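Labels below follow one simple rule: chain letters A, B, ... track the order of the sequence lines, proteins then strands, and each chain is numbered from 1. Computed from a predicted model, the values in this text were never measured in an experiment.
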Amino acid sequence: MTATTMTLAGAINRGLRAAMERDPKVLLMGEDVGQLGGVFRVTDGLWKDFGPDRVMDTPLAESGIVGTAIGMAMRGYRPVVEIQFDGFIFPAYDQITTQLAKMHYRSRGLINLPVVIRVPFAGGIGAVEHHSESPEALFAHTAGLRLITPATPQDAFDGIQQAIASPDPVLFFEPKARYWDKGEVDDARVAAQLEGEHGAAGATAEMARARVAREGADVTLVAYGPTVRLALQSAEVAAAEGVSVEVVDLRSISPLDSATVVRSAKRTGRVVIVHEAPTSFGPGAELSARVTEQAFFHLHAPVLRVGGFHAPYPGSKLEHDYLPNLDRVLEAVDRVMTH
Amino acid sequence: MTATTMTLAGAINRGLRAAMERDPKVLLMGEDVGQLGGVFRVTDGLWKDFGPDRVMDTPLAESGIVGTAIGMAMRGYRPVVEIQFDGFIFPAYDQITTQLAKMHYRSRGLINLPVVIRVPFAGGIGAVEHHSESPEALFAHTAGLRLITPATPQDAFDGIQQAIASPDPVLFFEPKARYWDKGEVDDARVAAQLEGEHGAAGATAEMARARVAREGADVTLVAYGPTVRLALQSAEVAAAEGVSVEVVDLRSISPLDSATVVRSAKRTGRVVIVHEAPTSFGPGAELSARVTEQAFFHLHAPVLRVGGFHAPYPGSKLEHDYLPNLDRVLEAVDRVMTH
Amino acid sequence: MEAHGPLSDEGLVQMLTPAGERVEDERFSSFAAHLDADDLRAMWRDMVLVRAFDTEATSLQRQGQLGLWVPCLGQEAAQIGSGHALRPSDYVFPSYREHGVAFTRGVDLPEILRLFRGLQHGAWDPAAHGFHLYTLVIGAHSLHATGYAMAMDRDGLVATGDADRDGAVICYFGDGATSQGDVNESFTFASVNRAPIVFFVQNNQFAISEPTTCQSTVPIAQRGDGFGIPSVRVDGNDVIASYAVSQWALRRARAGEGPVLVEAFTYRMGAHTTSDDPTRYRTKADEQYWAERDPIARLEAHLVSLGELSDDFADGVRAEAKELGRRTRETVRSWGKPPLAEMFQHVYAEPHATVEAERAWFERYEASFADAEARA
Amino acid sequence: MEAHGPLSDEGLVQMLTPAGERVEDERFSSFAAHLDADDLRAMWRDMVLVRAFDTEATSLQRQGQLGLWVPCLGQEAAQIGSGHALRPSDYVFPSYREHGVAFTRGVDLPEILRLFRGLQHGAWDPAAHGFHLYTLVIGAHSLHATGYAMAMDRDGLVATGDADRDGAVICYFGDGATSQGDVNESFTFASVNRAPIVFFVQNNQFAISEPTTCQSTVPIAQRGDGFGIPSVRVDGNDVIASYAVSQWALRRARAGEGPVLVEAFTYRMGAHTTSDDPTRYRTKADEQYWAERDPIARLEAHLVSLGELSDDFADGVRAEAKELGRRTRETVRSWGKPPLAEMFQHVYAEPHATVEAERAWFERYEASFADAEARA
Ligand SMILES: Cc1ncc(C[n+]2csc(CCOP(=O)(O)OP(=O)(O)O)c2C)c(N)n1
Ligand SMILES: Cc1ncc(C[n+]2csc(CCOP(=O)(O)OP(=O)(O)O)c2C)c(N)n1
Ligand SMILES: [Mg+2]
Ligand SMILES: [Mg+2]
């Protein structure tokens, strides 16, 4: 094992590089991903080292980027598309939901589309409109897509490679406010997995699993991507107040590893879900519904959700009031603990 | 009161005509809505009577249709856009979610966009791919939009006029399999409402309310649009088996009138939700989560959902197995009744 | 017809007049020069068979055997002409009306009906025929075609030095589709990547009920120039001209000279689909005018005038057509309902927990009926 | 520069050379013939003020007073030239870099910074200025502009018979935006509706780091022709030519003669935004080349050569610029945090139960802290 400290953005960069070295069919596509290295520099250095044929600066058209990536995937390429910001994925919505998601089914399994769509997402970085959104629920409802989101450099490094190796289309949501968080990365693990007996199948299964990020007995606190750090902080504070919080990092939104959450819920009897996406019709709704369906008679309290409000993401001066924060998570933990 | 029997499609046609007569700013736009009267003939006769300036056959481009409708609404027009089929709304997804939904907020209330988007939706008519989808959850998550769906000719007639009168953008989902269902329509009610004291405000409030379609004591069965008839049939069969089922027709998906459902749930203690949309991350998830949050200690059983599967809508030979049907609804009713 | 509008016949390449007279075209004649009577007879045969199939499918729909049918009636010359210019090394992205092209790619025509009977959404093996599945979302496939062409280029299949090995993509769509953002984005991607692709627009003068004037104020072919894509308008009811122009375009693309836009000006002689009623939006006179320009009759007249259509041959083809009709009927009627399990198959390539859970539930649920029946 | 590529200077209308020499253009000179020295000085003043504001905004961003700034440095001539051709009866749809145009529409420049300080998403009353809000989703506003123009036409504001009353829409976007589906769909809608709209592309040669060659293989202006929209290329660093061409285009549109596409060929002298680092993708030499074509210096040289820029006038404008800078700083620093309640305001025009419930919860929640504090 060779553990190195790196940022989450750096881990994605290293993961992309490893994938490109492993498989010459891996291509990067997007706006400014080449010479500039992307507006967040996630693809930094790759254009220089792999050339413009493998790191392609595309025309400014998201539908076109995803649509041509589909065509290239039909010839065996594995395009990794960057959408510059969450709020700019919607021009590609039709290509993603009616084409990318459905081609495998439409072709009765004859066509695989191993396209990865990287989406820097969520807020908290003081950006202007359309640069802070959490659109994951708008994709999780569509069958045929996988959605994963890393919360740590290790998961970022592993996840991007698993996503690329997967024969299914994967939306890879990168919590941009966590890009500069550092962590240890063991770069041998995913390599062994991909080169191992189960290869891409194993990697696909692995990336779909939730992770218990902290054990606890009283409340199950579920988070993913941008809110995992907040959940861990909340657990810390709650512990000081005598409440033992188990933190589950979902890692995958589609499939949703509700089994891991249900297992935890059956022990704790109390569940709080925290995400940046608006609560109403958000990802937490599905998890809440499943946990209730499957663990109803173990619950001491209703599943609670802490998320964004049913309002457009506000100007950045208000974003920290709009987003879930420590106080709001603890308030929900308190509420479930009253039962 | 002047009650007339008409089909649901006919009721929308009459409602459009009434709205166009009431307000010269009301325009119809879409593919084939003019001379042809729309592929379902919902706009039949209107081109002839109001002329091509008010019933506009547009270029074949959904984003363009919605985008230009936004521009016209900025000058005080009230465009009613037809999307030919549910599966073809996605090219307009960016215009709907980043522009139509957010302009009022972005302009701090200076700009209203009273655009109505009519979407014939849901399945059961033996159609080819993309012609049977239920994408409502993909819009309900976005603040700034209202979503309503009628289940009866009366609600269709009233709803389309309320939607047009509302200052907010409204997605009007038309259950196409129910287009030919007949019912009595009182055409005076909505006229009185719109010309009454509260005018458009009252109409907007009214269209947001759920309706108890049948009273019952043991189970609350929630449906909307295409599944209301199925819910009523299920209630009938259950009654014969001694189970008293209350049927709630949501009518509005955004806002979701969860208060009406919660009220019912507190009485019955058991809730089943039935919709055609895929269950996973579907509309029922939000309702389930809210009912559980708000009525947890009144529930005898977990809220159950009956919906489409997490798979693309299948070839029409399989659609009646994919869609919720009487057996599946009754199975869920039985399951909640075991507690 | 507007003088300079999208329905004018300005600049149309023609090699066969409506009366079946062969005329030369300065730019394109050379691309059809090698066609001999056998080639022309083969094209005529293909058009006749495709029309027979098309007619049979319409009547199967009327009999309730199909949910829907999308006839290509009247567009046979554009499709068979371009289809004959294709080679196995090329790849086709059809829209949903290219049954004629499908035939030239070796797709067994009745198989197409699986789609329209509601058995499945895709009905043939695209790779086996170099013919992608139909795409019903207007224009969406134009981007796939462009990406596929870019990938062919990368794969060294273009401008190989051996003109017989080179390949290209051809992408079909309608006049209405040219309004879609996706199609215009394809033009940009194809142009800046110099992709080996031919965009083949069948301007059949309608998008359902809307005439082409709803989509453009100028001939559709003019669109290409604005993207730096050379364009040409061809009489799409003229199979020889359609062939020649496609040859030119494909050779250019295969040689690495970049994309081309071909507008084949034709007429949808039938309804948009079996759900459509064209009497609501066009006149009998218009239909009559175009009936006189029938692409099959035109080639037939030409062959007859050359003395190259023997009764034997013609009768043989007509018998083949009849047999195809019969086989189509029988094939369609032989199809049962697909197994329910197919609902859950091929949603993903690898297992997905939600699908697996729902499948498991469904199997238990189905089994419960079997159990109940067994007990009864 | 490619001979015929999108970065060539093929066909550029020019009336002022980089050295400030006035030259005539056969087609367009007449549209600038009425400009006198006062007019030119007014344009110079506007450019100087806008640049001062722009510079101040960049430094405020550096000081942490703004989250982001999007400079229009180098594009002043295209913006002020076209802006001066506008009338109150016209309506403008900017992209997000049109601070110069905003100024000509009477928007108080510091107000723009509300957006970039993160106070709100829209910062002025669009109707009051005939100047729509900025749109950050590339190209999305082009359709709104087209629809707005269609509505002006319906409202009888076009070709009224009184040229002074007629109005039109002008829509600004960049070279990168021309690749977006929406922009191309606008062209179609504008063309078939003969909408009174001028599409004004500022080709500043970059979409962030990507040169225009990533978006097109031919000059952007050529795009219009493919949609039946007359197009013209103008030197966008030449304020007189930009004015003249805009006059031509707007008069045509106002007179009901339909849409026009103007490509103003210019150069983004600064960074894309304050988050950008142009040294990663372009050379000093390139920047130097364009610095010598600075639009303000060019007009200044012209005015000086005419003896029409007195020290008094120039000093006065420079003082105004300084004052604008000061006022900008002070205004920005004076802004407090918006009230939290704004999160829930204007989500809908009429009450929405979900918003109301969340607002109520939030108020109780906020109040609980106040209570806790009061108790403490
Ligand atoms: C995105 C989308 N919008 C609408 C439709 C419905 N629709 C099916 S065919 C058609 C007309 C297509 O016209 P054209 O492109 O000219 O092709 P043609 O059918 O004439 O061959 C329309 C509007 C669709 N399939 N996809
Ligand atoms: C739909 C969309 N995709 C991506 C972006 C990110 N983005 C912001 S500006 C820009 C480049 C725009 O280039 P151009 O249209 O030439 O305008 P310029 O900034 O040069 O004025 C990009 C890619 C965006 N705002 N919207
Ligand atoms: Mg057509
Ligand atoms: Mg630019």
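- The CG atom of B:Leu138 sits 5.0 Å away from the OG1 atom of A:Thr142 when rounded to the nearest 0.5 Å.
- If you measure heavy-atom distances from A:Leu256 to chain B, the contacts under 4.5 Å come from the side chain alone.
- Using a 4.5 Å cut-off between heavy atoms, A:Gln95 makes no contact with chain B at all.
- Between chain A and the residues B:Pro312, B:Ser254, B:Pro302, B:Ala285, the largest count of heavy-atom pairs under 4.5 Å involves B:Pro302.
- Considering only heavy-atom pairs separated by less than 4.5 Å from chain B, the leading option among A:Pro283, A:Ala295, A:Pro135, A:Pro278 is A:Pro278.
- When all heavy atoms of B:Phe281 and A:Ile253 are compared, the pair lying nearest together is CZ-O, 3.5 Å.
- When the candidates B:Ser280, B:Ala289, B:Ala137, B:Pro91 are compared by the number of heavy-atom contacts under 4.5 Å with chain A, B:Ser280 comes out ahead.
- Residues A:Ala140 and B:His310 come closest through the heavy atom pair O-CE1, 3.6 Å.
- Between A:Phe297 and B:His339, the distance from one ring center to the other falls under 6.0 angstrom.
- Contact annotation for A:Gln294: neither backbone nor side-chain heavy atoms come within less than 4.5 Å of a heavy atom of chain B.
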Please assess B:Tyr93 against A:Thr97 for the test side chain to side chain contact (heavy atoms under 4.5 Å, CB included), listing each intermediate value before the final yes or no. CA-CA 11 Å; B:Tyr93 199 80; A:Thr97 56; over 6 Å; no

List the steps and the verdict of side chain to side chain contact (heavy atoms under 4.5 Å, CB included) for A:Glu286 and B:Glu286. CA-CA 7 Å; A:Glu286 179 61 25; B:Glu286 178 62 26; over 6 Å; no

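- Of the atoms belonging to A:His300, it is backbone heavy atoms, and not side-chain ones, that fall under 4.5 Å from chain B.
- Of the listed residues (A:Phe139, A:Tyr105, A:Phe309), the greatest number of heavy-atom pairs within a distance under 4.5 Å of chain B belongs to A:Tyr105.
- In summary, the side chains of A:Arg290 and B:Ser288 do not present any donor paired with an acceptor at a separation below 3.5 Å, with no hydrogens or angles considered.
- Between B:Thr98 and A:Gly87, the shortest heavy-atom distance links the atoms CG2-O, 4.1 Å.
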Candidate pair B:Glu293 and A:Val303, rule side chain to side chain contact (heavy atoms under 4.5 Å, CB included), full reasoning: CA-CA 7 Å; B:Glu293 279 159 23; A:Val303 176; over 6 Å; no

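- Of the two parts of A:Thr279, only the backbone, made up of N, CA, C and O, holds a non-hydrogen atom closer than 4.5 Å to a non-hydrogen atom of chain B.
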Passes side chain to side chain contact (heavy atoms under 4.5 Å, CB included), B:Phe296 versus A:Phe296? Steps please. CA-CA 10 Å; B:Phe296 185 70; A:Phe296 184 71; 4.0 Å; yes

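- Heavy atoms of B:Glu62 lying under 4.5 Å from chain A are absent altogether.
- In this structure, B:Ala277 and A:His141 approach most closely via the heavy-atom pair CB-NE2, 4.2 Å.
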